[in-house]
Every structure is written in structure tokens, then in C-alpha cells.
There are 2 protein chains.
Amino acid sequence: MQRRLAACLTMTMTILSSSAKSNQRRQTVLEAAVSCFARKGLYGTTTHEIAERAGISQPYVYRLFPDKPSLFASSVEFVSDLMATTLAEKLSEAAASVNSPENLQAAAHSAYTDFVVESDVMRFLMQANCATDEPIVANAVRACYAKQVMVVSEHIRSDEAVRQWFGDGMLENVVASLGLADINEPWARTLSGGLTRS
Amino acid sequence: MQRRLAACLTMTMTILSSSAKSNQRRQTVLEAAVSCFARKGLYGTTTHEIAERAGISQPYVYRLFPDKPSLFASSVEFVSDLMATTLAEKLSEAAASVNSPENLQAAAHSAYTDFVVESDVMRFLMQANCATDEPIVANAVRACYAKQVMVVSEHIRSDEAVRQWFGDGMLENVVASLGLADINEPWARTLSGGLTRS
DNA sequence: CTAGTTATTGATTGATCACTAACTACAGAT
DNA sequence: ATCTGTAGTTAGTGATCAATCAATAACTAG
């Protein structure tokens, strides 16, 4: 956190305060940013929308973050940390209550699902994958994957299984964001994995 | 094609010509649009960029398509058709030259990879998944998945295997768009599946 | 040759948006 | 009381962009 801040300072020469209160504000802005970016991505979201949701004026966003791509990248770091800790926790729980490897993988899958579905995190991560034309975002996304792979690999040892875990998650993201669980057609049932929303 | 055109007419009351020449132009614009949208998505791409790449003036885009979201949705239909035919072809080839089900799945996987990697199609599809806040885009994306699932299910009978095929493809998309094959760190190797670019 | 249609463009506009500048309010510290 | 720094605002600017319009060029049919 402090490291990134310092980097911003040297890069942009913008003076960003780092008091306790401003860091707290930064966090509320990041939460708002994740929700807004989740819907329309980096370019489709206005800083005004984010400010409004965070309950501050739009220009004040620029006192807290140097520019929009940096705000987006910081949002990626934010959910990256959140996801890593949540995942580590859930995976440890799952590992404790389950012994066979297949069951662990199933538990790992539901660990992701519980965290990500019905929140903005999922859609935001999809948006992040798409905003990698902006180099600062690409780096944040790579770092995010690095962290998640390290957490998951801690519990699922086979590379192949880890890869499948990520692939499953990505498919699930798409299925959820398209609302396929509510579509009663063969192709939708196939992609949903037979599960229908109650 | 004609159906969609009629829909546009009734929806927007814009008169869109449908002569041979204008349909050909439309296709040129769609190819350009896929390339441009692939990089910065629906909101990050300007109609001017697309027009420039297609070799026409920006206002003329609006004689061929009613508005930007419609152009994006038409682009989705365009790659949907392209992908479906290419995929059907490659899968038939693979099915002819291979007999065991596991080998078929491997062949199916490389069918997708060959088509999608190193072209703009992959990134464009990721962008399409993210632009579903726009209802017209969401419908086009759903129709695209319906079509691809139907094509793939023709050759891979198990729903679970089809799902895995899509999951694999999505992970591969991300790996390719982040250039992980060129990163020599454990997490990147894990996600890349051990493959390095030569 | 003429009348009508289609293809295509340059110029413009109204709105939006990222970002800046300049100000206010208030909290200690001296 | 005054200085100083921090939190936050209102007001403003320049640039950009989707979408429109009016006009022209290039066909096509009789």
C-alpha cells in the first residue's frame, strides 16, 4: 500500500495525502469503484459515478488517486487482497472438513462461488481482464493472478487441477453474469452445469 | 442477417439501406469493429477509430448501423457465425482423424486455440462478455453462446466435457491476453499449462 | 439526357468527461 | 490570535465523441 503510494508520487508528481483518514476514504472510494467499474468497465464508468456512490465530490477523487487508470489498478489490488484472504480462509476450512482430493476440489470450487457470486467482484474481475490494454492495469491483473494462484496452489497441488479450478471459475462468471441459470434451454443448462436458481 | 436488419428498422426508425454494396461495406466495417473493440471494448473505442480502420468516414458508420451498441452487437453476431462455422469444420476434421474420446477433446481444444489465438477474436469475445450491461449486447452474447454450445455438443456429448471445453478456452484467453507464456514464474507456468511460446 | 436513388463526405453540435484551480472550513500547534 | 496543514467543496476548462445535417458525387433506369 505504502509502496504503491510512493510509486504514484514519483510517477505523477501529484501530492497524495497518506493520513489515516485519507487512507480510510481511499478504501471507501475503492469499494465504490469496484461496484461501478463492475458494470461498465474502465472506460464506461465516470469518475462522477464513483464519487457519488462513495459520497464525496468528483474532484476529490483526484486528491486520492492520480488518475482513472490508477484508480482502476488500485481497485484490482484491493479485490486481489480481499479475494486472497477470503480464499485462503475458505480453503483451509474446506481442507479441514474434507479428506479426499476430489472432495477438496469440489469444496474449493464452492469456496470461490460463495465469495464471488451475487457480488460485484466477479464482474469487476472480468472487466479487469479486459482493461489490460492500459499497462498499469495489466500489471495489477498479473499480480492478482500471481497471488491467487499461490493461494490456491497451497491447497490444490496438481497444476492441472489448479488450471481447471480457474477455468471453472471463469465459466461460472460468464454463466452468472448472463443469468443463464434462469434460462430454460438446453445450451444454457449445459453451461450452467444442471444447476438452476431456486 | 435480413432478420436483424428488419429489427433495426422497426426499433430505431432509421432507414438502413440493404443493397449489395452497402451489405459488403457493412461487413468491412464489422471486421474493423472487431479489431478495434477487441482492444478497448465498447466504451473505450470511438466510432472514428472504427471508420478510419474500415477506410470510410465516421458519419457513414451511422448510415450502416443505427448506433454504437448496435454496431457492437452486430459484431458479436459476425464473430459468432464465423466461429461456429470454423469450429464445426475443425471439429469434424478432428473427429475423422481421431477415435478415442480423450483425443477428441484434445483435438477440440486445439481447434479452438488455432482459431482464436493470435487474432483479435479472442479479446473481442472477452470484451463482449463484459459489455452485457447493454441489453442488446447481452442478447447477442447469449445467442452466440447458444450457437457455440450447439456446435460443440454435436461432437462432445458429455455436458461436463463441454463445460470444461469452455472453461479451458476462457482460461486460455486470459493467459494469452496477459502474455503469461512469456513470463518465467511458477504461477505463470501453472496457468499456462507448461507451454511456453517458442 | 434526365430523374431518381444510393454512396459518401465535411462541417457542426450538444453533451459529457477527465482533470485543474481556487476557494472554504476546521483542526491542532505555537 | 495566528499560522499551518488537511479535508473537502464549487466552479471552470479544454478535449473528446456520438450523432445529425446539408451537401455532393456516383450510379441506375427509362
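None of the values given here were measured: they were computed from a predicted structure. Note on naming: letters A, B, ... go to the chains in the order of the sequence lines (proteins, then strands), and numbering restarts at 1 for each one.
Judged as a ring-ring contact (aromatic ring centres under 6.0 Å, His included), and not counting sequence neighbours, the contacts of A:Phe72 are A:Phe37, A:Phe124. Partners of B:Thr46 according to the side chain to side chain donor-acceptor pair (under 3.5 Å) rule, which considers only residues two or more places apart in sequence or in another chain, are B:Glu49. Evaluation of the side-chain contact (heavy atoms from CB on, under 4.5 Å) rule for A:Pro59 yields A:Ser57 as partners, not counting sequence neighbours. Scanning for side-chain contact (heavy atoms from CB on, under 4.5 Å) contacts around B:Glu52 gives B:His48, with sequence neighbours left out. Among residues two or more places apart in sequence or in another chain, the side-chain contact (heavy atoms from CB on, under 4.5 Å) test is passed with A:Val141 by A:Val76, A:Ala128, A:Asn129, A:Thr132, A:Val137, A:Tyr145, B:Leu178. For B:Glu89, the side-chain contact (heavy atoms from CB on, under 4.5 Å) criterion is met by B:Glu93, not counting sequence neighbours.
The stretch residues 130-151 of chain B participates, sequence neighbours left out, in these salt bridge (Lys or Arg N to Asp or Glu O under 4.0 Å) pairs: B:Asp81-B:Lys147.
Within residues 36-57 of chain A, the residues having any heavy atom under 4.0 Å from DNA chain C are, by residue number, A:Thr45, A:Thr46, A:Thr47.
Distance A:Phe65 CZ to C:dT20 P: 16 Å, rounded to the nearest Å. Here the P atom of nucleotide D:dT6 and the CD atom of A:Gln24 are 17 Å apart, to the nearest Å.
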Item to complete: Mark up nucleotides 22-30 of chain C, 5' to 3', with B wherever a protein heavy atom is under 4.0 angstrom from a base atom, S wherever such an atom reaches only the sugar-phosphate, and - elsewhere.
Response: B--------
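Within the 4.0 Å cut-off from OP1 or OP2 of D:dA18, at least one side-chain nitrogen or oxygen of B:Lys68 is found. The phosphate of C:dT9 has neither OP1 nor OP2 within less than 4.0 Å of any side-chain N or O from B:Tyr60.
At a cut-off of 3.5 angstrom, counting only N and O atoms as typed in the model, there is a donor on one side and an acceptor on the other between the side-chain of A:Gln58 and the base of C:dC19.
You'll find that the side chain of A:Tyr62 is closest to C:dA18, out of D:dA7, C:dT8, C:dA18.
The residue among B:Arg25 and A:Pro69 whose nearest nucleotide of DNA chain C is located toward the 5' end is B:Arg25.
Listed for the A:Ser192 side chain is a donor-acceptor partner under 3.5 Å among the backbone atoms of A:Ala188.
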